[in-house]
Amino acid sequence: MSEFIFMLTHNDRTVDNALEVLEQVKDTGLRHIGFKDVGATAEKARELTAAAHAAGLVVYLEIVSVDKADEMNSVDAAIAAGVDWIVGGKFAAEAIDKLAGTGIKFAPFPGRVAGHPSALSGTIEEITAHAAELSKLEGVHGVDLLAYRHATVDPLELTAAVAKVVDGPVIAAGSVVNEDQIRGLAEAGAWGFTIGAAIFDGKLPGEKDVVSQVRTALSYADAAAGARV
């Protein structure tokens, strides 16, 4: 499987015209859409989630706040908005407590994540061990892996190692910009991947408008899923 989550984000923050972009892409065949806590007020989160659900999309809120208090506020806002998934975040135990009984699925960051935009560090062994630990927690449904945000390890080797120990989706988040990466991630066992900035910057082949870029990413996801079967 290779699911594409279009992130309404640029430079690790929700774009100002996210609602307008959502309206443009909702009929492309897209199934999953997301945004980040940075750049999205609680009101904006509610508006985006309601509009995406009305379009039949699964909604993801990715937490990239650096501060623990901000992260907990973002969890509260995501619960109030009624998103389907919360992904990212570094304080899994505290988030799980807040999410109990909400029905929202949770996929936190494995490994050491710091800065904004978020960057991943640690050895493959350390990140994999943390992913396995997180996966055992009740209330964790997968992990949000910043495979291409690691400066030194092979991202596909990392993804494959994490996918072997996680009981649930491995979402490859951040800095995915081409078909080779998407195919490689699918072959390594990732359930899906996110793209945001690369689409807004027109980095994928073909026409550079957002709708065309989303359709290109969807075609790559379908091709990668087919190749993996």
Side-chain angles (χ1 to χ4, degrees), residues 1-7 9-13 32 34 36 38 60 62-64 66 85-90 92 106-135 140-205 213-214 216-229:
M1 182 177 291
S2 185
E3 295 288 345
F4 164 47
I5 305 169
F6 174 41
M7 298 297 291
T9 61
H10 194 275
N11 291 331
D12 253 15
R13 64 178 293 117
H32 307 275
K36 313 228 179 186
V38 174
Y60 301 73
E62 185 172 35
I63 296 179
V64 294
V66 175
W85 283 81
I86 292 177
V87 297
K90 298 178 289 186
F106 181 41
F109 289 135
R112 295 193 301 274
V113 175
H116 187 265
S118 304
L120 176 63
S121 62
T123 66
I124 289 178
E125 291 75 17
E126 289 169 341
I127 297 167
T128 301
H130 188 209
E133 178 184 330
L134 289 170
S135 186
V140 168
H141 302 85
V143 295
D144 195 33
L145 180 64
L146 297 171
Y148 278 95
R149 292 278 184 88
H150 198 301
T152 58
V153 306
D154 182 282
L156 299 182
E157 183 180 350
L158 171 61
T159 301
V162 169
K164 287 179 181 177
V165 301
V166 170
D167 183 18
V170 174
I171 300 169
S175 301
V176 176
V177 298
N178 63 54
E179 184 177 11
D180 288 343
Q181 288 174 309
I182 293 166
R183 185 179 294 269
L185 288 166
E187 291 173 351
W191 169 85
F193 62 95
T194 71
I195 304 180
I199 283 175
F200 287 103
D201 289 339
K203 289 188 175 180
L204 277 61
Q213 291 276 295
V214 165
T216 297
L218 284 168
S219 70
Y220 289 166
D222 289 344
R228 191 179 173 190
V229 173

Study note, to complete from the structure: One should read off an interatomic distance between Thr194 OG1 and Tyr148 OH, to the nearest 0.5 angstrom, of 12.5 Å
Practice item. State, to 0.1 Å, how close Ala224 and Ala186 come at their nearest heavy-atom pair, and which atoms those are. Key: CB-CB, 3.9 Å
Practice item. Heavy atoms only: give me the nearest Val140-Gly142 pair and the separation to one decimal. Key: CG1-O, 3.3 Å
**Study point:** Closest approach of Gly122 to Val153 (non-hydrogen atoms, all atoms of both residues)
**Key:** O-CG1, 4.2 Å
**Study point:** For Val165, all residues meeting side-chain contact (heavy atoms from CB on, under 4.5 Å), sequence neighbours excluded
**Key:** Thr128, Ala131, Ala132
Point to revise | Intermediate values then yes/no, side chain to side chain contact (heavy atoms under 4.5 Å, CB included), Glu62 and Phe109 | key: CA-CA 10 Å; Glu62 185 172 35; Phe109 289 135; 3.7 Å; yes
Review point. Would you say the side-chain atoms of Gln213 pair up with the backbone N or O of Leu204, donor to acceptor, closer than 3.5 Å?
Key: yes
Point to revise | Any residue meeting side-chain contact (heavy atoms from CB on, under 4.5 Å) with His141, in chain and number order, not counting sequence neighbours | key: Trp85, Lys105, Phe106
Exercise for review: Kindly indicate whether the side chain of Ile182, heavy atoms from C-beta on, has any atom under 4.5 Å from the side chain of Val176.
Suggested key: yes
Practice item. State, yes or no, whether a side-chain contact exists between Leu145 and Pro110 at a heavy-atom distance under 4.5 Å. Key: yes
Practice item. Using atom types as modelled and distance alone, determine if a side-chain donor or acceptor of His32 lies under 3.5 Å from a backbone N or O of Tyr60. Key: no
Practice item. Apply side chain to side chain contact (heavy atoms under 4.5 Å, CB included) to the pair Ser2 and Leu185, showing each step before the final yes or no. Key: CA-CA 8 Å; Ser2 185; Leu185 288 166; over 6 Å; no
Practice item. Walk me through it: do Arg112 and His130 pass the test side chain to side chain contact (heavy atoms under 4.5 Å, CB included)? Key: CA-CA 9 Å; Arg112 295 193 301 274; His130 188 209; over 6 Å; no
Exercise for review: Can you measure from CG (Asp144) to CD1 (Ile5) and round to the nearest 0.5 angstrom?
Suggested key: 8.0 Å
Check your understanding: When you measure from the side chain of Gln181 to the backbone N and O of Ser175, does any donor-acceptor pair fall under 3.5 Å?
Key -> yes
**Study point:** Asp201: partners by side chain to side chain donor-acceptor pair (under 3.5 Å), with sequence neighbours left out
**Key:** His10
Exercise for review: Report the distance from atom CG of Leu156 to atom CD of Glu187, rounding to the nearest 0.5 Å.
Suggested key: 8.5 Å
Exercise for review: Kindly say whether Ala114 contributes a backbone atom to a donor-acceptor pair with the side chain of Lys90 at under 3.5 angstrom?
Suggested key: no
Check your understanding: Is there a side-chain contact between Leu158 and Leu120 (heavy atoms, below 4.5 Å)?
Key -> yes
Exercise for review: Mind checking the CZ-OG1 spacing from Phe193 to Thr159? Nearest 0.5 Å is all I need.
Suggested key: 13.0 Å
Point to revise | Side-chain heavy-atom pair Ile127, His150 within 4.5 angstrom cut-off | key: yes
Check your understanding: Do the side chain of Asp12 and the main chain of Ser118 share a donor and acceptor less than 3.5 angstrom apart?
Key -> yes
Point to revise | For Pro169 against Val166, the heavy-atom pair lying closest together | key: O-CG1, 4.4 Å
Practice item. Please name the pair of heavy atoms, one in Pro117 and one in Arg149, separated by the smallest distance, quoted to 0.1 Å. Key: CB-NH1, 4.0 Å
Review point. Is there side-chain contact between Val214 and Ile199, with heavy atoms separated by less than 4.5 Å?
Key: yes
